[in-house]
Amino acid sequence: MNMKGVVIAPYWQGFKRSLVTYTRIPLKVDWSDDVKHTPAVCFLPWIGLVVGLLSAWPLWFDWSSSLQALLMLLTAVLITGGFHEDGLMDSCDGLVGGWDKEQRLTIMKDSRIGSYAALSIWFSMSLKWLLLNELLQAIPDSFLGFIYTLSAWCVVHVIARFIPLLLMHTLKYVSLGQSKASNMIAKLGPIEWCIALVPCLLIGVLAFNLLYLVFTLVLSVILVFLIRHYLRKKIDGFNGDTLGASEQLGEILVIFCLLVSYS
């Protein structure tokens, strides 16, 4: 392997691990510890870009905006296996239904769906569908409008997946017993933060003008602080479910900011 391959290989290994972890895309990965790789979690926004591009296929068809929005959301869920949606439901059941930290964490590990989970996923998906439908109607029907729409849909998934990284960096990990999410938890260094931030900025400048991009990023940081305060009060930290819940809240926030921008 040449020098270029040696330099790129750890990043490629980290990206593949992230792709396999956060999507249902079948890919062969060597999980042995001796394989040098960049922390997989720093590629989470890049995974959002992949999800956004693959789930944007309804935009190529001259269908109603409501049908396009529904199929885009459905495809994104199928690609990820409802990974983040499951975290939202478990978090709402545990954080709202539990009386203390241990009970809340125990409820989150329960595979059964409670009333808070059902309410949260219904309102979340309904709100995303309504907002996305309005956004698709607001963007002009032209080739340039198609580029804007594609960029907007991708930036929803990219920025929303940057939010869990900020929570992960500012809170401690908590769990009862063994958790599969613990293997993906990592403190990011400057290079890893740059890897995570690059798609947010690159796709962001295509979807927004600079003012609205800054506005969206500021609101995202405010959302992180609010979630952080809530999680510290409820469980004194974060777990995999709450990271998934934060991603779902991030998607709603970014779609709303896009709608404000294009309106």
Side-chain angles (χ1 to χ4, degrees), residues 21-23 41 44-45 47-48 51 73 76-77 80-131 156-188 196 216-257:
T21 301
Y22 298 113
T23 73
V41 72
L44 193 51
I47 302 306
V51 173
L73 291 170
V77 170
T80 62
F83 189 81
H84 304 291
E85 287 80 4
D86 179 68
L88 173 67
M89 291 188 288
D90 287 342
S91 295
C92 287
D93 265 347
L95 296 176
V96 181
W99 290 98
D100 54 40
K101 175 181 175 180
E102 287 70 24
Q103 188 182 28
R104 289 165 187 143
L105 293 173
T106 300
I107 293 174
M108 287 188 209
K109 280 186 169 292
D110 194 331
S111 59
R112 292 172 295 183
I113 296 178
S115 57
Y116 297 116
L119 288 169
S120 66
I121 195 62
W122 187 89
F123 277 106
S124 173
M125 296 303 294
S126 297
L127 189 54
K128 282 195 289 185
W129 176 73
L130 289 170
L131 290 172
V156 168
H157 293 278
V158 169
I159 294 181
R161 283 164 172 79
F162 189 78
I163 290 175
L165 300 183
L166 295 175
L167 283 175
M168 193 183 303
H169 187 72
T170 57
L171 287 172
K172 65 180 181 180
Y173 178 73
V174 294
S175 181
L176 291 179
Q178 290 295 108
S179 173
K180 59 184 179 181
S182 61
N183 296 325
M184 301 300 291
I185 304 302
K187 293 293 184 181
L188 305 184
T216 303
L217 294 177
V218 169
L219 286 183
S220 298
V221 172
I222 293 174
L223 176 64
V224 169
F225 276 103
L226 292 175
I227 297 174
R228 179 176 178 271
H229 174 74
Y230 183 75
L231 292 180
R232 287 188 65 180
K233 180 180 178 182
K234 290 291 185 176
I235 58 174
D236 194 28
F238 75 92
N239 61 8
D241 289 326
T242 55
L243 293 181
S246 70
E247 190 278 339
Q248 288 293 287
L249 294 176
E251 286 189 21
I252 294 173
L253 174 67
V254 178
I255 299 176
F256 175 77
C257 290

The side chain to side chain contact (heavy atoms under 4.5 Å, CB included) partners of K128 (sequence neighbours excluded) come to L73, E85, S124, M125, Q248, E251, I252, I255
Are the side chain of T216 and the backbone of V254 linked by a donor-acceptor contact shorter than 3.5 Å?
no
Interatomic spacing from CG in L130 to CZ in F123 - rounded to 0.5 Å
11.0 Å
Could you go through residues 157-172 and list every donor-acceptor pair under 3.5 Å that involves a side-chain atom there, pairing it with any protein atom two or more places apart or in another chain?
residue : atom : partner : partner atom : Å
H157    : ND1  : R161    : NH1          : 3.1
R161    : NH1  : H157    : O            : 3.2
R161    : NH1  : E247    : OE2          : 3.0
T170    : OG1  : L166    : O            : 3.0
T170    : OG1  : L167    : O            : 3.4
K172    : NZ   : D236    : OD2          : 3.1

Do the rings of Y22 and H84 sit parallel, tilted or perpendicular, given the 30° and 60° boundaries?
parallel
For the CG atom of L249 and the CG atom of L88, what is their distance to the nearest 0.5 Å?
6.5 Å
Is it true that, when you exclude Y230 itself, more than 12 heavy atoms of the residues, nucleotides or ligands shown sit nearer than 6.0 Å to its OH?
yes
How close do S120 and A117 get, heavy atom to heavy atom, and via which atoms?
OG-O, 2.8 Å
Could you give the distance from NZ (K109) to OG (S175), rounded to the nearest 0.5 Å?
4.0 Å
Donor-acceptor contact present, side-chain R104 to main-chain I235, <3.5 Å
no
Validation row: L253, S220 side chains within 4.5 angstrom (heavy atoms)
yes
Which distance, rounded to the nearest 0.5 Å, do you find between the CD1 of I222 and the CG of L217?
11.5 Å
Can you name the side chain to side chain contact (heavy atoms under 4.5 Å, CB included) partners of E102, sequence neighbours left out?
D100
Roughly how far, to the nearest 0.5 Å, is OG of S91 from CD1 of I107?
11.5 Å
